[in-house]
Colleague: 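Have a look at this one.
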Amino acid sequence: MTTSHPLRAAPLSSAAALRRRGLVFAMALVPVLAGPVLADEEPVFRIEFKDGVVTPRRLDVPARRRFSLELHNLGETPAEFESRELRKEKVLAPGTSSVLVIRTLEPGEYDFFDDFHPDAPSAVLVAKE
Amino acid sequence: MLGSQLGNVVFVIWRESVEALLIIGILNAWLRHNDVGGRGRLFLWSGVGAGLLVAVAFGTVVVLFSEAIPESGQQAYQAIAVLIAAALIIQMVVWMRRHGRTLKRELETALGQASADANWWGVFTLAAIAVAREGAETVVFLFGTLAAIKASSFLAPLIAVLTGFLLALATYAALQLGSRIVTWRVFFGVTEAMLLLLAASLLMTGVDTLADLGILPATRRVWDISAILSDSGAVGGLVGSLTGYRARPDAVQITTYLLYWGIVCWLLRKTRSARP
């Protein structure tokens, strides 16, 4: 299973030391993918839906931090990001994208799945300090 | 499309319709049973029509301009709508208990008619919210599913869509049939419980949305019974949306659920004597 990583430039200010630790850790594990770079301080994670296949199926995110989820429906059929535990649902017509903001998560695992492909395997968001 | 995707299409269309169908079907059966001259049913089905218009409008906006409405605005509307719907269901259950046997007589008085009219507006609003809520998602799902049809294999997905709607109609028909087959007392008892569970689910959705907006606190999980029944996926998700079940509830959710049933039981006990 692949793990996604925050897409942004390396932080420069000392106030971002915690974030840098997480970023370095993540970047040590996976190759850097080209992607949008945000000017503000929130990490952004990418989740792709393609006709029932959710990528990645396991996503590591920071706990107790604000972050964004970029949802992309790359398939031909509609998808719906649904997570009871994150209290979020978002319908994605084919070929569209959307952004969800998560304000804060206690450490733990949070299931999510594509509610328009309910028989497909679900995925999990893992929040770690 | 793959076979499993066709199964998904049937299931999703049925599932999106079932919550609204239960509410409308139960209300329609009750109104028909009490033979109140069709006025209540006029309000009910006008509400359904209004809900469909809203669903198509909103669904179209989502398909064409997916980011037109900011997320927190959508969530605020959703929270308000589901909380109103939950309150209306409770009010309606209490009202149906109280007025069941005496409604025909009451409608012969002006006061009785006015009081009934107030309730019919509640029926209209509830039907509209119930249909609009799931209808918007269904519209987006339909658009996307039909757009994905390729010329060479259009028949199978089309049949899947129609089958989903037919199953939904069958569920509605089963409700109407049920009201005729079993005794009214049994039917009313069972459907009353179904309505109250639906209201609980709507309340939980409202509380969850408020917690996500930061209006209510989001607290830690208290227990985790997802090994028994997860609230993700097809079965668990359906149970969750029909009853308000949560596999990993936090303190706010547990408190809400307990308070809800406490209040509902108290309300029902107060109207026990008028039960049909």
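The sequence lines fix the lettering, A, B, ..., with proteins before strands; numbering per chain opens at 1. It should be emphasised that the depicted structure is a prediction, and the values quoted were computed from it without experimental measurement.
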Colleague: Which answer fits B:Asp250, side chain, backbone, both or neither, if we ask what part of it has an atom under 4.5 Å from a heavy atom of chain A?
Modeller: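 Contact with chain A: side chain only.
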
Colleague: Taking all heavy atoms of B:Asp231 and all of A:Arg84, pick out the closest pair and write down the distance.
Modeller: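 That closest heavy-atom pairing would be O-CG, 3.6 Å.
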
Colleague: Considering only heavy atoms and a distance below 4.5 Å, find which of A:Asp51, A:Asp119, A:Val91 pairs most often with chain B.
Modeller: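 Looking at each of A:Asp51, A:Asp119, A:Val91 in turn, A:Asp119 comes out on top.
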
Colleague: Using heavy-atom distances under 4.5 Å, tell me whether B:Phe141 contacts chain A through its side chain, its backbone, both, or neither.
Modeller: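 For B:Phe141, backbone and side chain are both near chain A.
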
Colleague: What distance separates B:Glu137 CD from A:Glu82 CD, expressed to the nearest 0.5 Å?
Modeller: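 So the CD of B:Glu137 and the CD of A:Glu82 are separated by 7.5 Å.
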
Colleague: Quick one: what part of B:Val140 sits under 4.5 Å from any heavy atom of chain A, side chain, backbone, both or neither?
Modeller: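 Contact with chain A is through both the backbone and side chain of B:Val140.
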
Colleague: As an exercise: rank B:Gln253, B:Gln75, B:Arg15 by heavy-atom pairs under 4.5 Å with chain A and give me the winner.
Modeller: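 Top count of heavy-atom pairs under 4.5 Å with chain A: B:Arg15.
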
Colleague: For residues B:Arg221 and A:Glu85, determine if any side-chain heavy atom of one lies less than 4.5 Å from a side-chain heavy atom of the other.
Modeller: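 SC-SC contact between B:Arg221 and A:Glu85 confirmed.
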
Colleague: What part of A:Asp115 gets closer than 4.5 Å to chain B, counting heavy atoms only: side chain, backbone, both or neither?
Modeller: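 Both backbone and side chain.
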
Colleague: At a 4.5 Å cut-off on heavy atoms, which part of B:Leu213 comes close to chain A: side chain, backbone, both, or neither?
Modeller: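 For B:Leu213, the contact with chain A is made by the backbone alone.
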
Colleague: With only heavy atoms counted, which part of B:Ser241 is less than 4.5 Å from chain A, the side chain, the backbone, both or neither?
Modeller: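 Its backbone and side chain both get close to chain A.
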
Colleague: Quick one: does NZ or CZ of B:Arg248 land under 6.0 Å from the six-membered ring centre of A:Tyr110, within 45 degrees of the ring axis?
Modeller: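 B:Arg248 over A:Tyr110 ring: no.
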
Colleague: Please classify the contact between A:Leu100 and chain B as side chain, backbone, both or neither, with a heavy-atom cut-off of under 4.5 Å.
Modeller: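 Just its side chain gets close to chain B.
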
Colleague: Tell me which one of A:Lys90, A:Arg87, A:Lys88 satisfies salt bridge (Lys or Arg N to Asp or Glu O under 4.0 Å) with B:Asp212.
Modeller: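 Per the salt bridge (Lys or Arg N to Asp or Glu O under 4.0 Å) rule, the option paired with B:Asp212 is A:Lys88, out of A:Lys90, A:Arg87, A:Lys88.
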
Colleague: Does any heavy atom of chain A fall under 4.5 Å from the side chain of B:Ala247, the backbone, both, or neither of them?
Modeller: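 Answer is neither: B:Ala247 stays 4.5 Å or more from chain A.
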
Colleague: For residues B:Gln5 and A:Thr77, report the shortest heavy-atom separation together with the two atoms involved.
Modeller: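 Closest heavy-atom pair between B:Gln5 and A:Thr77: NE2-CG2, 3.9 Å.
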
Colleague: Under 4.5 Å heavy-atom distance to chain B, tell me which part of A:Phe113 shows up: side chain, backbone, both or neither.
Modeller: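 Side chain only.
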
Colleague: Where is the tightest heavy-atom contact between A:Pro118 and B:Val12, given as atom of each residue plus distance?
Modeller: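 Closest pair (atom of A:Pro118, atom of B:Val12, distance): CD-CG2, 4.0 Å.
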
